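Per chain, numbering begins at 1; letters A, B, ... match sequence-line order. As a basis for the values below, the full set of heavy atoms in this structure was taken, side chains included, without hydrogen atoms, waters or symmetry mates. Note that this is a predicted model, so its numbers are computed, not measured.
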Amino acid sequence: MNDVPIVIGSATLLLAAGMWLMLPRGAAAGRSFGTLLVAISLGLFASQVPRLGNWVNDSVFLILAAVAVLSAVATVTFRNPVYSAIWFGLSLLGTAGLFLFQGAQFLGVATIVVYAGAILVTFLFVLMLAQPEGQAFYDRLSWGARLSALTGALVVGVLTLTVVSVFQGPAVEDRPQSPFSKVALDDGILADQHMANLGAQLFSKNLVAVEVAGTLLLVALVGTVAIVAQIHKPAGGRERSHG
Amino acid sequence: MDESALLENYLIVGALLFGTGLVGFFSRRNMIVMFLSAEMMLQGVSVNLVAWGRYHNDWGGQMLVIFILTVAACEAAIALAVVLTLFHKSGSLDIAIWQRMREENQPAYVDRDVSPDYQPDHQWPKLTPSGIEPKPDLEEITHRAHV
Amino acid sequence: MAPLIVPLVKIGLLVFALLTAAAYLVLLERWIAAWVQDRKGPNRVGIPLTSIKLFGLGQPLADGLKFIFKEEYTPAHVDKALYTLAPITILAAALAIFAVIPIGSVLPLDLPGTDGPIKLVVAPGVDVGMIYVFALSSIAVYGVILGGWASNNKYSFLGGLRSSAQLIAYEIPLGLGILGVVISTGSLRLENIIFEQAQSGVWNSFTQPLGLVVFVVASFAEAARLPFDLPECEQELIGGYHTEYSGMRLLLFLIAEFLHMVVAAFLIVILFFGGWHFWGMPVPADDIISWSVAGLRILVLIAKVLAVILFFMLIRWSWPRFRFDQLMNLAWKVMLPLGLVNLMAVAAVVEYQHAREIEDLSTNAWLPVGIGWGVAIVAWIVAALFAPLHTDNRPRLDVLQPPAFEPNSLRSK
Amino acid sequence: MTPGIPTLLILIPALPLTATIVTAVFGRSALKQNSHRPVVLALLGSFVASLMMLAQVRQESEAKPSQMVGWETSVDLWNWAEVPNALNTPPAAHSASVQGIEHGLPAALPFRIDLTLRADALTSIMLAMVTFISLLVAIYASGYMHGDRGYWRFFSYIGLFVFSMTMLVSASNFVLLYVFWEAVGLCSYLLIGFWYEKPEAAAAGKKAFLVNRIGDFGFALALFLMWTTYGTLNFHDAHGIAGILGQTRLADPELYVGGGVATAICLLLMLGACGKSAQFPLHIWLPDAMEGPTPVSALIHAATMVTAGVYMVTRCTPLFMVSPDAQHVVALVGFVTAAIGGVIAMTQTDLKRVLAYSTISQLGYMFLGLGVATLGGITSGMFHLFTHAFFKALLFLGAGSVMHAMGGVVDMRRFGGLRRLMPTTHWTFLFGCLALAGVIPFAGFWSKDAIIAAVQERAHDEPEFLYLYWGALVVAFLTSVYTFRAFFMTFYGSERVPYEAGPNAHESPTSMTVPLTILAACALVVGAYFERTEGFAEFIKLTPSLAYEVVNSKNVEIVSQSHTLVGAISTLVALTGMGLAAFLYLGDESQVALLTRLLMPLYLLSHGKLFFDQIYNVLFVWPLWTLAQASYWIDRVLIDGLVDLVGRIPPKLAALLRPLQTGMVQFYALAMVWGVVILIFTLLTWPTH
C-alpha cells in the first residue's frame with residue numbers, strides 16, 4: 001500500500017507537466033507530448049481506484065469519465081475559444097452521462113437543458129459577436145502557465161490522496177461501506193418514479209430553498225438588465241429607443 | 001454495484017474536473033474561457049454531490065445540484081452582462097486589460113511570448129473600398145424601425 | 001440477447017422510416033407548393049429506364065442520388081472540423097429525439113426474453129421523457145450555430161446568430177406550452193400523456209387552447225419553418241447557415257430540418273390531440289390489446305401526424321415571413337405572457353379538481369374546457385391590444401438629427 | 001364669541017410662525033416683493049389677539065379667586081422631556097408640595113419639562129406691546145426695505161423674531177424661556193447680519209452673538225442652580241411640585257432660599273439680563289448692532305428684544321426680593337449703564353448711534369427702577385419699558401426715514417435743516433425727542449419720573465440711594481442735551497443734503513409715515529393716559545410675582561407725595577438741557593468748538609465711547625487670542641504630530657503586502673487556492689493524537 005502516495009504524487013506531477021505543455025504558451029510547442037503525459041497521468045489515477053466489478057458498468061463509466069475529463073482538459077487548453085466552448089459542451093454531455101449512470105435522470109437531462117441549451121449557447125453567441133474571427137492574440141497566451149498547472153494538479157493530487165487514503169485505508173474494517181443495499185436504493189433514490197420523488201422532495205423539504213432560488217433568478221434578471229442597460233446609456237443624454 | 005467503489009470513482013472524477021477548471025481559470029486570458037472553467041469547477045462539485053447523494057440514499061445531493069444549476073444560470077446571466085460591459089469598454093475579451101486595479105507602483109503584467117502585433121493565422125484578402133461612401137439613411141435614423 | 005435485439009430492430013426501423021419519410025415529405029411539400037401556386041409540381045421521375053412516371057414518386061430517389069454523388073466540396077476558408085461536425089450534430093440530435101416518442105402504443109407480440117408486449121418506442125419508461133425531448137432540441141441549436149460560424153461567411157454567420165437567438169427565445173414558450181400539459185397529466189412520459197387523454201376522451205387541445213397556440217407557434221419557430229425561417233431566408237441571407245454547404249452535408253441539414261418538423265408534428269399530436277386515441281376506439285390496458293386495435297392506433301397516430309404536417313406545409317406557402325424584431329417581440333411580449341397565463345389557469349383548474357377530488361375528467365369536462373377557452377379568448381384579446389404587430393413609422397421625436405460621430409476612445413485604443 | 005385665553009395664547013405665536021414658514025418657503029419663488037403681506041397680516045392677527053387677551057386677562061384678574069395671589073393661568077401644550085427620579089436628594093428649599101405632604105420631602109423629583117404657556121398681566125401687556133410695535137415696524141419696513149434683494153428673507157426673519165419674542169414672554173418655565181431667549185438672540189444675529197455682504201454687518205452680528213453668549217452662560221448657570229435649589233424649573237405649580245414662581249411658594253415666602261444661593265442665582269440671572277439688555281459691562285454689542293436695517297434697530301434693539309432682560313428680572317422679582325445685595329447690584333448696574341450711555345451719546349455724530357446709546361441709557365434707567373426693588377420701582381421700570389418702546393421705536397423709525405431720504409447717510413455732520421424737506425418726519429421726531437427728554441406731558445416724562453421718584457423713595461430707607469437719585473437727574477439732563485443735539489443737528493440750521501441722497505431728497509412714502517404718525521400719537525398720550533388712570537401699575541400688580549409684593553410689602557401705596565416735586569425738578573432739568581442744546585447747536589458752531597477745546601479730555605473720552613472696546617480687547621480678546629494661538633500650535637504640532645506618527649505606521653506595514661495587489665484576477669484566485677491546498681495538506685498530515 002505504500003506505493004499509493006508515490007503513484008498519486010507522480011500522477012500529479014505528470015498532470016502538471018502535461019497541462020503546462022498543453023496550455024497555450026505563444027509559439028512554444030509540445031502539445032502532443034503534453035497530451036500524452038496527461039493521458040498517462042489519468043491512467044495512473046484510474047489505476048489507483050477500485051473498479052466497479054462488472055465489465056459493462058466499468059466500460060460505460062470509464063468511457064463517460066474519459067469523455068468528461070478529457071473534454072475538460074481540451075476546454076482549458078484549446079486556443080480557439082469557440083473550440084473551448086464546444087469541448088465544454090462535450091464535457092457537459094459526459095457529466096450528464098455520469099449523472100444518468102448514477103440514476104440521477106433529471107439532473108442528467110437538466111444539465112444539458114440548462115448548461116448546454118441555454119448557458120453555453122448564450123456564451124457562444126457572445127463569443128461569436130465579440131470575436132467573430134475566432135481567436136485573438138491573448139488566446140495564444142497564458143498567465144502563469146507553469147504555476148497554474150502545478151496548482152491545479154496539486155489540488156487534484158491532494159483531493160485524490162485524501163479520497164484514496166480514506167477509502168483504501170490500511171485497516172479493511174475502517175473503510176467506509178455504504179449501509180444501503182440494492183433494494184434500499186431501488187426503493188429510495190433509484191425508484192422508478194424518479195420525477196415524482198424528486199418533485200416531492202423539492203417541494204416539501206426544500207420549499208424555502210426553491211423560493212430563494214426563484215428570488216435569486218429574479219434578482220439576477222434585474223441585475224443583468226441593469227448592468228447591460230448602462231452600456232447603451234450615451235454620455236450626452238442622447239438615447240435611442242429600441243423599443 | 002460496489003457502492004463505495006462507485007463513490008470513490010466519482011469523487012476522483014469530480015476532483016479532476018475541479019482541478020482542470022482551476023487550471024483554466026488561472027491561466028486563460030479570455031474572460032469567456034475563464035467563465036467556462038469556473039462552470040467546470042461547478043460541474044466537478046455537482047458530480048461529487050450526486051455521488052454522495054446516491055451513497056447515502058439521500059435526495060439532498062440532487063437537490064443541491066438543482067440549486068447549483070439555478071445559481072449557475074444566474075451567474076451566467078450576470079457574468080455575461082459584465083463581460084459584455086467590459087467588452088464594450090475595451091473592445092477585447094482580454095482579462096489582462098483590467099489589471100488597472102493593482103497597487104500604484106506595481107509593474108503591469110505584460111506579454112512576453114507573443115509580440116503585440118500578432119496576426120492571426122489566416123489572412124483573407126479584403127476588397128479595396130471603392131465607389132462613393134454611402135451616406136447614412138436619414139429615414140432609417142429618424143423613423144422608428146419597428147413598434 | 002432479446003433485450004438487445006429488440007431495441008436495435010426498433011432503431012433500425014425507425015431510422016429507415018424517418019429518412020424515407022423525410023425524402024417523401026420533400027416531394028409532398030413540392031406538390032403542395034405547386035398546388036398552392038396553381039402549377040404542376042414534380043411529376044416526371046418514375047421508375048428509371050422506363051417511361052412509367054408514377055406521379056413523380058421517383059423524385060426523392062433521384063434527389064438523393066444527386067446529393068450522394070455530388071462532389072463533396074469543402075471551401076478553403078472554413079473551419080474544417082466544425083464544418084463537418086455541424087450537420088452531424090444537428091441530424092444526430094434530431095434523430096435521437098425519436099427515442100422517447102411513441103409511435104402507437106404497443107404490439108401484442110410475446111418474444112422470449114422480453115416481458116410483456118413490445119412497446120412501440122425505442123426507449124420505454126424514460127421518466128424524464130419530455131425534458132429529454134427538450135434537451136435534445138436544444139442540442140440541435142449547436143448544429144446551426146457551428147455551421148454558421150465554421151463557414152466563415154458573413155451570411156452564414158448572421159444566420160447562425162439569428163438562429164441561436166431565435167431558438168433560445170422560443171424555447172421558453174415551448175416549455176410553457178409543455179408545462180401546461182405536464183401539470184394537467186402529472187407525468188413527463190409521453191405514453192402517460194396519451195393514455196390520460198385517451199381515458200377521459202378529452203384532448204388537451206380542448207382544455208388548453210391557449211397552450212396549444214403557444215406550443216404550435218413555438219414549435220414552428222423551433223423547427224425554423226416558414227413564418228420563422230429567419231436563419232436561412234433566401235432573400236436576405238442567401239441560404240443562411242447552410243450557404244456554404246453542398247452535397248451530403250447539405251442533405252443532412254435538410255433532412256434534419258424535415259425531421260424537426262416531424263418531431264414537432266408528433267409532439268403536437270401527442271400532447272394536444274390525443275396521440276393514437278380517437279373517439280369510439282376501445283381503450284383496453286396494454287397487456288390485453290389485440291392486433292387490430294394496435295394497428296388502428298398506429299394508423300390513427302400517423303394520420304394525425306400527417307394532417308399536422310400538411311398544416312405545416314400549408315402555413316409555409318400561405319404566410320409571409322416575420323421580420324426579426326417582430327419575431328422577438330412575438331416571443332417575449334406575446335407568447336411568453338400567454339404561456340404564463342395558460343400555465344396559471346391550468347394550475348388553478350388542477351388545484352380545484354384536486355380540492356374537489358374530481359378524478360374522472362370525462363364526466364366533468366365542461367369546467368376545464370370552459371375555463372380554458374375563456375382564458376384563451378380573454379388573453380388573446382388583451383395580447384392583441386397591448387402588443388400590436390403593425391409597424392409604427394411615425395418620426396422619432398428623440399432623433400431628428402443624425403447622430404454626430406463620436407469616436408470611442410477606449411475602443412480605438 | 002371670542003376665543004378663550006388658551007386659544008389666544010396659542011394663536012399669538014402661531015400666526016407669526018405660520019407667516020414665517022410661508023414666507024420662507026414661498027418667498028423666494030412666489031411672493032417676492034409681496035413677502036410682507038403674510039407677515040403683516042399675521043402680526044395684525046396677533047395684535048388683535050393680544051388685545052383680546054389683554055381684555056380677558058383684565059376681566060379675569062379683577063374677578064380673581066380669593067385664595068389666589070394675583071391671577072394666572074397656564075396651558076400645557078405637550079410634554080417635552082421627562083426624566084423620572086432625576087433629583088434623588090430633594091433640595092432643602094423644596095419642602096412644599098402642592099398636594100400630598102405639605103412640608104415633607106418627596107423621595108425623588110422628576111425632571112420634567114412641559115411646553116407650557118402662561119397668561120397673566122405681565123405677559124399680556126408685553127404681548128400687546130410687542131405685537132403692536134412689530135406690526136407698525138413691519139408696515140414701515142414694507143416701505144423701507146422695498147426693492148431689497150432679501151425682501152422675503154427679511155420678513156421671514158421678522159416673523160420668526162415675533163414668534164420667538166411672544167413665546168419668550170408667554171413661556172411658563174425657565175427652560176422654555178431660555179430656549180426662546182436664545183431664539184431671539186438668533187433672530188437678532190440674523191437681522192444684524194442681514195446685509196452679510198457688508199463686513200461691518202457680519203462682524204457686528206458676530207459680536208452681538210458672542211457678547212450675548214456671555215450673558216446666556218450666566219443665565220444657563222442660573223438655571224442649573226435653580227434646578228438644584230428648587231428641584232423644578234417651572235414658574236407655576238404643576239404635577240405636585242411647587243413652581244419657583246408658583247402660588248404655593250408666593251403665598252409662603254419662607255420657601256424661598258435666601259443668603260448666598262439667592263444672591264448667586266440673582267447675579268447670574270442679572271448677567272443674562274445684562275447680555276440681552278445691553279447693560280454694563282456687556283453693552284458694547286448694541287451700538288454695533290445698528291449695522292442692521294433700521295426697522296430692525298427700531299424693533300429689536302430698541303423696543304422689544306432688549307427689554308427681554310427687564311422682563312425676566314421683573315418676572316423673577318420674588319427671587320430678587322430675598323437678596324438685597326442683588327438688588328443693589330441691579331440698581332448700580334442700571335445707573336452706571338444709564339450714565340455711560342448718556343455720556344457717550346453726547347458726542348456721537350452718527351444719528352443711529354446716538355439713539356443706540358440713548359437706548360442703553362434708558363435701559364439702564366429701567367434696571368435702576370427694578371433695582372430699587374420696591375413695588376413702585378418695579379412697576380415704574382416696567383412702565384418705562386412700555387413707554388420707551390413707543391418713543392424709541394418712533395425715534396429709530398424717524399432716523400430711518402431720514403436715512404432713507406439721505407441715501408443711507410447717518411452722519412449728522414453731513415446733513416442739516418431737513419425740517420422743510422421732511423415735515424412729517426420732523427414733527428414726529430420732535431415728539432419722540434420730547435418724550436425721550438422727559439418733557440411733560442410726553443410719555444417719557446411720566447415713566448422716568450416714576451423711576452426717579454421710586455429711587456428717591458427708597459433713599460428714605462437707604463441713604464445710599466440718594467446718590468443714585470442725583471445721578472439719575474444728571475443723566476436726565478444729559479439725555480435732554482444729546483437728544484436735542486441730535487434733533488437740532490438734523491432738522492435745523494442751514495439746509496444741507498449729502499450727495500448720496502441725489503437731487504430729489506424727499507419725504508418718505510406713506511407706508512413709512514403712517515407708522516411714524518401713529519407712534520408719535522402714542523408717544524404723546526400713552527404715558528399721560530396710564531398715569532392719569534393709574535391703570536398700568538394697578539394692572540401690572542395683578543401679576544402673581546408682583547402681587548406677592550402687594551401682600552407682603554410694607555408700602556402698599558405707590559409713592560405719590562414726592563412725585564410732584566420730582567416731576568418739577570426733572571422737567572426743569574430737561575428744559576435746561578434743551579436750552580443748552582439750543583444754545584450750542586442752533587447758533588453758529590463756535591460755542592461747540594470752544595466747549596470741545598475746553599473739555600478736550602472729557603470729549604475724547606466720550607467720543608471714544610469710554611474706550612470699552614479697546615479695554616476689552618486688551619483684557620479679554622488679546623489673552624484669549626494668544627491662548628488660542630498656543631492651543632492651535634499645540635494641536636497642530638504636538639497632537640497632530642503624534643496622530644500622524646501613529647498614522648504613518650499602517651502604510652509602512654501595508655507596503656509589505658502591496659506587491660500582492662497585482663490587478664490580475666487570476667493571481668487572487670491562485671492565492672486563495674494555495675491557501676486551501678495548504679490547509680488540506682496540513683489537516684491530512686497533522687498528527688491526530
Item checked: Polar side chain donor-acceptor pair, Asp58(B) to Trp52(B), under 3.5 angstrom ->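 The answer is no; no qualifying pair exists.
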Check: Side chains of Asn79(D) and Glu82(D): do they bring a donor and an acceptor to under 3.5 Å?
Finding: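 Result is yes, a qualifying pair exists.
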Next item on the list: Answer yes or no: is there a donor N or O on one side and an acceptor on the other, between the side chain of Gln666(D) and the main chain of Arg28(B), under 3.5 Å?
Entry: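 Judged by distance alone, yes, a pair lies under 3.5 Å.
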Item checked: Exam field: side chain Arg54(B) to backbone Gly61(B), donor-acceptor pair closer than 3.5 Å ->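 No, because the side chain of Arg54(B) does not come within donor-acceptor range (under 3.5 Å) of the backbone of Gly61(B).
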Margin query: With side chain to side chain contact (heavy atoms under 4.5 Å, CB included) as the criterion, how do Phe161(D) and Ser188(D) come out once you've worked through the C-alpha distance, each side chain's angles and the decisive distance to 0.1 Å?
Written below: CA-CA 8 Å; Phe161(D) 166 74; Ser188(D) 161; over 6 Å; no
Check: Which residues from residues 31-50 of chain B are near chain D, with near meaning under 4.5 Å between non-hydrogen atoms?
Finding: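 Within residues 31-50 of chain B, the residues under 4.5 Å from chain D are Met34(B).
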Next item on the list: Please step through side chain to side chain donor-acceptor pair (under 3.5 Å) for the pair Asn34(D) and Trp152(D), ending with a clear verdict.
Entry: CA-CA 8 Å; Asn34(D) 289 325; Trp152(D) 61 276; over 6 Å; no
Next item on the list: Under 4.5 Å, heavy atom to heavy atom: which of residues 658-665 of chain D reach chain B? Give them by number, or say none.
Entry: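 If one takes a 4.5 Å heavy-atom cut-off, the residues of residues 658-665 of chain D near chain B are Arg658(D), Pro659(D), Gln661(D), Thr662(D), Gly663(D), Met664(D), Val665(D).
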Notebook entry, point to check: Which residue pairs satisfy the salt bridge (Lys or Arg N to Asp or Glu O under 4.0 Å) criterion with at least one member in residues 199-221 of chain D, sequence neighbours excluded?
Noted result: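 The answer is Glu182(D)-Arg213(D), Lys207(D)-Asp288(D), Lys207(D)-Asp613(D), Arg213(D)-Asp216(D).
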Check: Pairs in or reaching into residues 626-635 of chain D: which pass salt bridge (Lys or Arg N to Asp or Glu O under 4.0 Å), with residues at least two apart or in two chains?
Finding: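 Residue pairs with at least one partner in residues 626-635 of chain D: there are none.
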Next item on the list: Taking all non-hydrogen atoms of both residues into account, name the closest pair between Ser142(D) and His146(D) and its distance.
Entry: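 For Ser142(D) and His146(D), the tightest heavy-atom pair comes out as O-CB, 3.7 Å.
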